[in-house]
Amino acid sequence: MMSMSAEGLDLSAIPNLPGFAVKGKKKNYGRSQGFALVNGVRIEQSEGGNFEKPKFVKVPLNLDVKRTGSIGLSTAQEEYIDYMGVKETEAPAWDVLDRHVLRFYGQFQEAVVEANLENHRIRHCVIMYYLEDDTCHITEKKTDNSGMPQGQLLRRHRFPGPTDGYLSWQDLAVGSELHIYGRVIQVLDCDDWTRQYYAAMGIEQDGPIPNEEDAFVQSQVKRSGPHQPRTYEKVYREVNIGGGHINADMQQFMEWDRKVCRFYAVFDDLGLPQFERRPFEILFFLADDTVEIREKYPLNCGRDPFPIYFRRGKLKRGKAEVRGPLDRHLKKDEMVSLDDFEIGASPELLGQRFFIYDADDFTRQYFAMELKRPLGEPQDVRLPERTVPRPQTPPYTGYGSWDDSMGSVHAIMPKPPKKDFVKLFTNEGKILRFTAQLYGAKQEDIDRLFIFNFHLFDDTLSIHEPPQRNLGIMTGKFLEKNIHLNQANGKLFQVSDFLPGNVVKVYNREFEMVDMDEYTRQYLENGGVKRYFDLEAVLQKIREGMRQQYPLVRDIFRKFDSDKDGVLTMVEFKQALAKWKFDVTDEEALIIMQSFDARKDGQISYNEFCDALMDEDYTQVMMKQRAPLDENIGDYPARAKSRLEEREETEKVRAAVRAIGSVVYEHSTTFLRLMKEFSHLTHETTVNCQQIVQALGDLGKTFSLPDVQRCVTYLFPDGDLEKIEYVAFLKNLVTSFHDFSGKR
């Protein structure tokens, strides 16, 4: 039998017969009420011009068994509702969702004008969304003495939506942006109840976003712990009662006042029509971490005497910027610090790359003792001297001495000539005598004989004619003692001009040199008259002189070690002897040097120098005497010469590697340009030394073939000079640039 539901029947078609009538519901023709009772709650249900229809939400149905019973209403009614099957019903939102609030945390950015600390500020706020009536309000936590209006930013009302209508709870999400009245608020997080509510509605919120800190917040000192914050009044009270607080800046000032690190640097000025390498001094003041840059003007540079390149102050890394009072303060890590300075480093200051090549002694001690980071050796940044063509010296007129005449050639305001006292002391009383005759003389002058006296201590010349029997000519002084010019070659007289067979011309008179005396012959054959010294006395005098002139042996050794390589060679030791006016021969110098050289390896180390110069601290005998000077040198000259040649070759290798390395290392574009030049020269991956010289020459860098060979031999000790991997050559050249440090 087919079953039919009550909703599908048309009750109006049923005949109005007894037993078939259906109880109908009376229609209400009365005036509608403004209030109604919904689920036992009295509400205002009418709609007006200034308010909307009340908001309803679905709630679980609570059956009232007293009115309907367990069976429910009869299906014979005109309007039938199956209450047993209904699970939900509607209720007013202001009753169901009362005190249900969604809490979001956000931030927005606000511009700050007329402040050099910051140009914007990040303000944090709380967004409250009330579910009962879809209203919101925004608050900000108050900060004492902030000077800004804080607290309630927007009062509670319904916010406009992102498109049309009003803002709903579906429009709020973590990570989104809320545009409200011209402000953009970024939603960063929400509380736990809000996350649970969205999860129950089937929406998952993203994780929290960390807060952004502005420049003002970062500048504040963050104090941790239970201590009260320090105020100016508290500091004032502490000072009044004899206490005080630690001021980090004052502590640094008290410890390092008038302590300055001095660096020597250069930078290549390419903005001028002519290339110039300008020297500078960079001063870093340890008291307040300020920097001052001074330019060291060389002589006759033509620049105005204003050496302050950058006045003392805080210096920012990188390019120079013009900063005003409205710009924010620079952070400490943006300023120049001691970590930026190192021998061989090229920090960018004021838009220029300064190459640091040396530092003073205090700076080296500070880096070694305080920073535990010793500085490298000084580097050579000197450019090769440019050859300047000089005008030809005008001929000597004969008036006055030669030095006086040359003084007016060298300077506009001539000064009295300086005397060479070493030459005067060495050649005092030495006169070379030569005999000469007139060249191309007449018949009556053939027998005349002249004596040329050449004085070595001042290069003066005098001529006299000795008397002869039956000559018929007045003899005697022929030419006064003075500095004279040899008209045959236009130069001053030298010893080589008076050798027998030469022709000289003085005051339009030509003389042919005939002979010389025995003293002159020995002098020319032996290279000078030998002066005999008591070498034992010389050694003792040198020791005492060194002790008296310098209090420290270290300073003595550094004074004579001209190339700063830690050893004294034969040439350097002979220069030390010349300082005490001992014009000894090479053999005598080697005899004295052998007494200093304990290992007999041809050079004097620092330890050997100290042992030879200083007395022993403890001896087992009374009045111990030093060993006598051994004048038997044997093959010691050969060892000393080999050491000298080895040092010279080492210095040439250092200079070659530094010079070629600076071309590739200090100019980054040179690396790629050399790669291109090598690829043009050969299709292989290897080149020879001649091709390297050619490639450098094409770039305007001139190097000799021996220097390139020395550089390649240093980089590839076991390599083939005819097959050099040019990629590896350039890479090794860059990495080994700081292996050899130059000297200042």
Ring geometry between Y309 and F280 (parallel below 30°, tilted from 30 to 60°, perpendicular above 60°):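 If you compare the ring of F280 with that of Y309, the planes turn out perpendicular.
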
Geometric class of the F341/F263 ring pair [parallel <30°, tilted 30-60°, perpendicular >60°]: parallel

Partner of E348 under salt bridge (charged side-chain N to carboxylate O under 4.0 Å, His left out), chosen from K319, R317, R353: R353

Any sub-3.5 Å donor-acceptor pair from [X]'s side-chain atoms to [Y]'s backbone N or O?
X	Y	result
R277	V381	yes
E140	V126	no
D206	G175	no

Check ion pair D288-R312 (N to O, under 4.0 angstrom):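 A salt bridge is present here (some side-chain N lies under 4.0 Å from a carboxylate O).
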
R364 bridged to D358 by N-O distance under 4.0 Å: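 A salt bridge is present here (some side-chain N lies under 4.0 Å from a carboxylate O).
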
Centroid-centroid under 6.0 Å between Y198 and W169 rings: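 They qualify: ring centres under 6.0 Å apart.
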
Reported NZ-to-NZ distance for the pair K331 and K316, which is rounded to 0.5 angstrom: 12.0 Å

Salt bridge (Lys or Arg N to Asp or Glu O under 4.0 Å) partners of E212, counting only residues at least two apart: none

Salt bridge (Lys or Arg N to Asp or Glu O under 4.0 Å) partners for D191, two or more places apart: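 For D191, the residues satisfying salt bridge (Lys or Arg N to Asp or Glu O under 4.0 Å) (neighbours in sequence not counted) are R103.
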
Option among R158, H137, R156 that satisfies the side chain to side chain donor-acceptor pair (under 3.5 Å) test with Y130: H137

Worked check of side-chain contact (heavy atoms from CB on, under 4.5 Å) between L315 and L350: CA-CA 8 Å; L315 182 59; L350 303 175; 3.5 Å; yes

